[in-house]
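Worksheet for the structure shown next.
Throughout, protein chains are lettered first and strands after them, A, B, ... in sequence-line order, and every chain is numbered starting at 1.
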Amino acid sequence: MSAVSMAGALNRALADSLAADPSVLVFGEDVGPLGGVFRVTDGLAARFGEERVFDTPLAESGIVGTAIGMAMNGLRPVVEMQFDAFAYPAFEQITSHLAKLRNRTRGQVSLPVVIRVPYGGGIGGVEHHCDSSEAYYTHTPGLRVVTPGTPDDAYRLLRDSIASPDPVIFLEPKRRYWAKGELSADSADSADSVAFDRALVRRTGRDVTLIAYGPMVATALETADAAAEEGWDVEVVDLRSLSPFDDETVCASVRRTGRAVVVHEASGFGGYGAEVVARVTERCFHHLHAPVLRVTGFDIPYPPPKLEEHHLPSVDRILDAIARLQWDDEVVGGHGA
Amino acid sequence: MSAVSMAGALNRALADSLAADPSVLVFGEDVGPLGGVFRVTDGLAARFGEERVFDTPLAESGIVGTAIGMAMNGLRPVVEMQFDAFAYPAFEQITSHLAKLRNRTRGQVSLPVVIRVPYGGGIGGVEHHCDSSEAYYTHTPGLRVVTPGTPDDAYRLLRDSIASPDPVIFLEPKRRYWAKGELSADSADSADSVAFDRALVRRTGRDVTLIAYGPMVATALETADAAAEEGWDVEVVDLRSLSPFDDETVCASVRRTGRAVVVHEASGFGGYGAEVVARVTERCFHHLHAPVLRVTGFDIPYPPPKLEEHHLPSVDRILDAIARLQWDDEVVGGHGA
Amino acid sequence: MARTRAPERTLLPSDEPLSLLRKDGSPVDDSPLAMPDDDVLVELYRRMVVGRRFDTQATSLTKQGRLAVYPSSHGQEACEVGSVLALRPTDWLFPTYRDSVALVTRGVDPAETLTLLQGGWHLGYDPYEHRVGPQCTPLATNTLHAVGFAHAARLKGEDTAALVLLGDGATSEGDTHEALNFAGVWHAPVVFLVQNNGYAISVPMSKQNAAPSLAHKGIGYGVPSVLVDGNDVAAVYAVVREAVLSGGPTLIEALTYRIEAHTNADDATRYRTSDEVAAWLDRDPVDRLETYLTSRGLLDNARRAAIAAEAEEFAASVRAKMNVDVEPSPDDLFEHVYATMPRHLREQAAALREELA
Amino acid sequence: MARTRAPERTLLPSDEPLSLLRKDGSPVDDSPLAMPDDDVLVELYRRMVVGRRFDTQATSLTKQGRLAVYPSSHGQEACEVGSVLALRPTDWLFPTYRDSVALVTRGVDPAETLTLLQGGWHLGYDPYEHRVGPQCTPLATNTLHAVGFAHAARLKGEDTAALVLLGDGATSEGDTHEALNFAGVWHAPVVFLVQNNGYAISVPMSKQNAAPSLAHKGIGYGVPSVLVDGNDVAAVYAVVREAVLSGGPTLIEALTYRIEAHTNADDATRYRTSDEVAAWLDRDPVDRLETYLTSRGLLDNARRAAIAAEAEEFAASVRAKMNVDVEPSPDDLFEHVYATMPRHLREQAAALREELA
Ligand SMILES: Cc1ncc(C[n+]2csc(CCOP(=O)(O)OP(=O)(O)O)c2C)c(N)n1
Ligand SMILES: Cc1ncc(C[n+]2csc(CCOP(=O)(O)OP(=O)(O)O)c2C)c(N)n1
Ligand SMILES: [Mg+2]
Ligand SMILES: [Mg+2]
């Protein structure tokens with residue numbers, strides 16, 4: 001099978017889901033004839049017709065709110081928010097309805113809605129086009145929050161998300177839209193739901209666990225290569241499902257290595273990484289040789305294009321964090337007061 | 001000075017700020033003649049006139065968006081969101097504008113807006129009336145997020161918030177509105193801005209630090225009393241300012257006690273407590289005898305009145321957490337793999 | 001610039017509210033509306049009487065602490081009942097917190113209707129059983145659900161209209177705008193019934209909107225609009241029925257009044273006069289129809305008494321049901337957050353069970 | 001039910017767009033609008049020519065990589081220039097990303113105007129210097145800022161109107177609705193100028209709105225509405241001027257067209273035909289006024305050449321400024337998040353400085 005970009009893999013997942021299930025719809029701003037500003041929906045309106053793939057008025061709350069109504073009536077809407085920050089007008093519908101209606105109705109109403117959100121920076125985008133908004137969604141019970149790091153995962157996770165009876169916030173790392181990768185053999189014909197809420201060890205290593213997701217998976221793997229040259233054997237865990245969180249896979253890794261660094265683009269304060277640190281520390285405290293560290297964006301609004309490189313986690317910054325994991329202390333032990 | 005309820009203290013703070021500064025305005029839904037559904041703005045419209053204290057159309061994005069415009073034009077709006085979940089329609093204006101305009105304009109535009117949000121549960125309120133939404137705001141750089149635990153703090157922090165050049169999300173623990181306390185001598189006449197972003201040790205203790213805020217301050221103090229009977233000497237830190245976070249006060253306490261529990265009503269996953277755990281662990285790792293634990297709401301939508309007691313952190317649940325802080329391990333030391 | 005312009009005439013509401021019955025119960029001569037059939041009129045009356053009794057019963061239950069809160073629709077029965085009876089069985093209703101009478105009129109069990117307000121769960125009924133969406137608390141948000149639902153029906157080839165209820169205050173929310181716009185563009189079969197009862201809690205219309213009427217919003221979306229006397233149940237029935245059958249969207253503003261405070265927790269004397277309330281009591285929707293039916297010989301004393309007795313019986317059954325303590329199980333907290341309970345919730349549920357053991 | 005009804009006549013737009021100049025540059029005989037003074041007309045022409053040259057220059061700069069992105073307003077100069085020149089010095093402008101020509105017309109330095117699009121910072125100018133709010137990217141959000149700003153001016157006793165620019169697509173957002181409603185209720189001096197250029201990126205009006213015109217939204221808020229030929233700068237100037245002086249809110253829909261793609265990154269051939277573009281090129285706002293001015297003897301060859309030369313000079317100065325690399329300092333990242341830098345940002349700034357040392 002030939003290599004495909006992440007945008008291409010997503011396009012294929014949408015097409016395959018539309019073809020497989022007549023209740024699947026795709027709509028949003030510019031997703032019809034234009035094919036989306038990132039071309040993720042390219043060709044779908046022509047192939048499946050404008051009844052199933054269509055442009056809406058420009059109103060994000062309207063898009064999510066009507067998707068909720070459609071899902072109540074048995075359809076499976078897959079909607080797009082054009083950029084991360086433009087999902088905020090839909091925040092009320094997402095938080096108070098999409099996330100809570102199943103619970104509110106004791107399971108009688110199921111909302112299989114997927115909200116695709118191109119997120120994160122690194123593409124020279126101006127303000128409001130580069131937010132990493134995962135923490136807003138992961139703190140909201142009732143939502144699943146998923147993000148792929150590779151084209152293959154993009155395909156599989158999106159198919160799983162569309163098949164899921166739960167609402168899914170599907171975060172697409174826009175800086176990786178054009179990076180190519182192979183699709184695994186089976187992914188073209190079936191959605192493999194085993195993958196859906198499990199983290200994946202992308203690279204094994206003995207010394208330290210790098211915990212990453214979405215756009216940072218590639219950066220973490222690069223770091224692991226660089227770290228190998230410095231003598232550190234780095235394990236890389238790709239979370240894929242941010243909520244629910246796969247404690248099992250992550251903790252098994254950290255217990256093995258005794259050290260961990262969490263990486264994400266979003267601002268650190270109150271960011272998703274805080275949860276990872278807290279969970280891992282609670283569950284693996286006695287296996288830890290050093291506090292779990294975070295490498296994240298600064299606690300600032302996303303910067304303009306010319307400054308974004310300073311904000312984003314880099315290989316060097318992750319290596320620095322690894323270096324700070326108290327390698328010398330190892331023999332000392334104990335956390336005396 | 002006689003005891004006053006928190007609602008009364010907030011009312012006094014608004015009145016004193018309105019009296020002291022003609023640029024202060026109070027508006028929102030039902031804050032005029034009705035005096036707010038919790039009566040926090042009682043009597044203000046009559047005293048200061050409907051040009052300064054007024055009802056708006058029913059639209060939260062409109063309230064925050066126009067407050068931004070007013071602040072750009074030199075006024076100091078203090079707006080009310082009637083209940084926590086009803087602030088969500090304003091999420092875009094809060095996140096993309098209120099929080100970011102100072103930064104966007106390199107400091108040329110200052111937005112001294114205060115958004116008052118009655119938050120949290122424990123009052124038998126139906127769905128959407130009991131959310132603890134602090135994590136959404138604390139993860140957003142550019143906002144200050146403040147919450148009082150006592151009437152005295154309510155007065156001081158609200159005056160400070162109104163005086164602040166930064167936008168403030170002012171979270172009012174609605175279950176504590178009617179609890180009475182003394183106002184400190186100086187608070188009636190001056191806003192003491194030293195208090196504004198500092199945590200406060202509400203009770204000193206040697207064995208363990210309870211970190212709480214807003215509605216949980218009273219619960220934490222109650223727990224400390226109960227714990228004393230079981231032989232634990234508990235220190236209680238009231239954060240007051242959730243963002244920025246007072247690392248200094250909190251870490252000094254945890255370094256002293258070597259153990260800590262963070263308490264909040266909001267769901268644990270990705271909640272504010274995760275940040276507290278992560279920060280404290282990063283900064284105090286070698287002083288910790290046990291992982292910092294969290295006692296929080298479950299990872300579920302806020303429950304209906306008849307079930308809320310099960311969801312909310314209770315004295316017993318906090319005592320349980322304290323008991324799990326590995327008191328026996330103390331002599332063992334070390335965190336072997 | 002060659003856009004087809006829908007004729008303004010059909011999109012703008014009439015100058016005066018449409019009506020069929022005058023305040024004194026006499027029929028309007030030259031109404032453009034068709035008077036409902038006799039049996040429908042009697043049924044409207046019966047349901048209003050039962051609905052009002054249910055409503056006062058619910059208010060009493062708050063005083064006994066059996067309900068956490070109750071927003072009364074006393075005075076608004078013409079809207080609550082007239083609109084719901086105008087629906088076909090296949091249509092859907094999207095109500096708000098104030099529309100408990102609409103729910104029981106639609107056939108939802110009264111105890112299930114009151115579950116939310118009693119505090120046992122967020123919703124007590126199965127939306128699919130009577131085609132009634134969950135009663136909605138965040139204002140105006142149900143308008144979008146209704147539009148999406150109705151459009152989905154269209155896509156599925158089903159003949160289903162959605163009736164969404166909202167208040168005057170809710171029209172100010174952005175969601176109402178987006179819903180009207182989507183409905184206009186999609187020509188979705190949705191009836192937006194704005195019960196303009198003059199207040200959003202304490203805020204009067206003068207602070208809410210400066211338009212000639214709320215129905216004047218429709219033209220901005222290409223949505224036909226109707227202004228109707230909301231205390232005239234025959235008129236409400238007629239306009240909603242026509243809207244439901246139109247196959248497209250309609251915005252209806254019904255002028256009415258809530259006689260009680262916003263909820264039992266509200267103090268309405270802070271923002272309105274008793275004279276104002278009295279004037280509206282004089283326009284009572286139930287009395288008005290009763291006078292008309294009596295004058296037409298459609299309602300005699302025996303029938304009236306039978307209906308009153310039925311209402312009493314209904315109230316008694318509500319009391320009986322609400323006096324049974326149904327305690328929700330703590331397990332429910334975790335059961336339906338996701339379709340399948342994820343591990344972390346299984347752990348939390350287990351911890352709670354252990355705590356309670 | 002005794003609400004005062006504003007007369008519908010003044011709240012509804014005219015059937016046909018108001019205009020002063022026909023497509024061919026000849027004057028409209030029976031326009032209800034007053035033709036601007038001669039010197040204003042010449043100034044409008046001069047600013048449109050300069051504005052257009054600036055616009056094409058900016059588009060070129062994207063090709064050279066000096067700008068990250070540029071949304072052109074080629075074809076919309078009558079709106080950009082006509083509305084801004086209609087403002088008084090004390091008035092405020094609340095523009096969007098597409099309104100760079102409006103900004104330079106208002107006197108903002110072109111390099112400062114382009115800072116956002118060049119990628120150096122989110123905004124390059126001081127809003128208070130020329131009374132221009134920050135160019136706004138999240139659609140429709142600036143409408144609320146404009147209403148709040150104008151209402152604050154009223155409260156402070158200042159005679160300041162706010163002109164907010166938005167597109168056809170932005171009218172669908174909830175914020176536009178809330179802003180129009182607040183403006184109506186507060187009678188705030190705000191001019192909402194909707195530049196209806198037919199598309200929101202690729203989405204045509206037919207999928208955006210089903211109303212007879214976007215201006216028909218005004219009546220739903222009690223806001224007087226105007227439909228104007230947005231390629232007729234004299235008419236745009238006249239209606240905005242009148243709206244600014246009215247002391248209350250006005251909704252203006254200006255029918256226009258963007259000749260270029262949405263931005264340099266967009267491929268407009270995916271959603272519109274070259275015939276459509278050609279038809280609109282034929283309605284060019286600059287040519288139209290040029291013909292009229294020439295016919296009136298207000299513009300001779302020498303003046304025309306002088307203006308063209310001025311535009312070239314302006315473009316050259318823009319090129320020169322934009323060719324200087326102004327690198328923002330990493331310290332800026334932390335400086336203005338709060339009024340005073342909190343400790344955690346001081347630490348982060350220090351860490352970055354160390355890293356870069
Ligand atoms: C988004 C949102 N904001 C605020 C509230 C709080 N609230 C509940 S009812 C109400 C007034 C509603 O007025 P209206 O729409 O006229 O309906 P009515 O209660 O008169 O039937 C308010 C402000 C809410 N429920 N939802
Ligand atoms: C809230 C929001 N949603 C989506 C976008 C992405 N977006 C940028 S421009 C645009 C189209 C805007 O169309 P219109 O309002 O007609 O203005 P025009 O670009 O035609 O001037 C879209 C969808 C945005 N900027 N803000
Ligand atoms: Mg009302
Ligand atoms: Mg447009």
Which atoms of B:Ala59 approach chain D - backbone, side chain, both or neither, heavy atom under 4.5 Å: both
Heavy-atom contact with chain B under 4.5 Å, split by part of D:Ala153: both
4.5 Å side-chain heavy-atom contact, B:Arg116 and B:Val79: no
Set of residues satisfying side chain to side chain contact (heavy atoms under 4.5 Å, CB included) with respect to B:Pro141, sequence neighbours excluded: A:Ser267, A:Pro301, D:Val337
Close side-chain approach of B:Thr281 and B:Leu288, heavy atoms under 4.5 Å: yes
Region of B:Leu58 that comes under 4.5 Å of a non-hydrogen atom in chain D: neither
Donor-acceptor contact below 3.5 Å, side chain B:Asp153 vs main chain B:Pro148: no
For B:Phe48, ring pair (Phe, Tyr, Trp, His ring centres under 6.0 Å) partners two or more places apart: none
When B:Leu25, B:Ile63, B:Val64 are compared by non-hydrogen pairs under 4.5 Å with chain D, the top option: B:Ile63
Interchain contact, B:Phe245 with chain D, by part (heavy-atom threshold 4.5 Å): neither
Side chain to side chain contact (heavy atoms under 4.5 Å, CB included) evaluation trace for B:Val237 with B:Tyr213: CA-CA 8 Å; B:Val237 179; B:Tyr213 54 88; over 6 Å; no
Greatest number of heavy atom pairs closer than 4.5 Å to chain B - which of D:Pro138, D:Gly174, D:Ala179: D:Pro138
Listed partners of B:Tyr272 passing side-chain hydrogen bond (donor to acceptor under 3.5 Å, both in side chains), at least two apart: none
Pairwise side-chain contact, B:Ile68 with D:Leu144, heavy-atom cut-off 4.5 Å (strictly under): no
Nearest-0.5 Å distance that lies between atom CG in B:Asp131 and atom CG in B:Asp84: 5.0 Å
How about the chain B/chain D donor-acceptor pairs under 3.5 Å, what are they, with distances?
from, atom 1, to, atom 2, distance (Å)
B:Ser61, OG, D:Asp175, OD1, 2.6
B:Gly62, N, D:Glu178, OE1, 2.6
B:Met72, O, D:Tyr128, OH, 2.6
B:Asn73, O, D:Lys156, NZ, 2.7
B:Asn73, OD1, D:Lys156, NZ, 2.9
B:Asn73, ND2, D:Phe149, O, 2.9
B:Gln93, OE1, D:His145, NE2, 2.8
B:Gln93, NE2, D:Thr141, O, 3.3
B:Gln93, NE2, D:Asp175, OD2, 3.0
B:His97, NE2, D:Thr141, OG1, 3.1
B:Asn103, N, D:His336, O, 3.3
B:Asn103, O, D:Trp121, NE1, 3.0
B:Arg104, O, D:Trp121, NE1, 3.2
B:Arg106, O, D:His336, NE2, 3.3
B:Arg106, NH2, D:Asp332, OD2, 3.4
B:Gly142, N, D:Tyr338, OH, 3.2
B:Leu143, O, D:Tyr338, OH, 2.8
B:Asp166, OD1, D:Ala339, N, 2.8
B:Glu248, OE1, D:Arg343, NH1, 2.8

Side chain, backbone, both or neither of D:Leu333 within contact of chain B (heavy atoms, under 4.5 Å): backbone
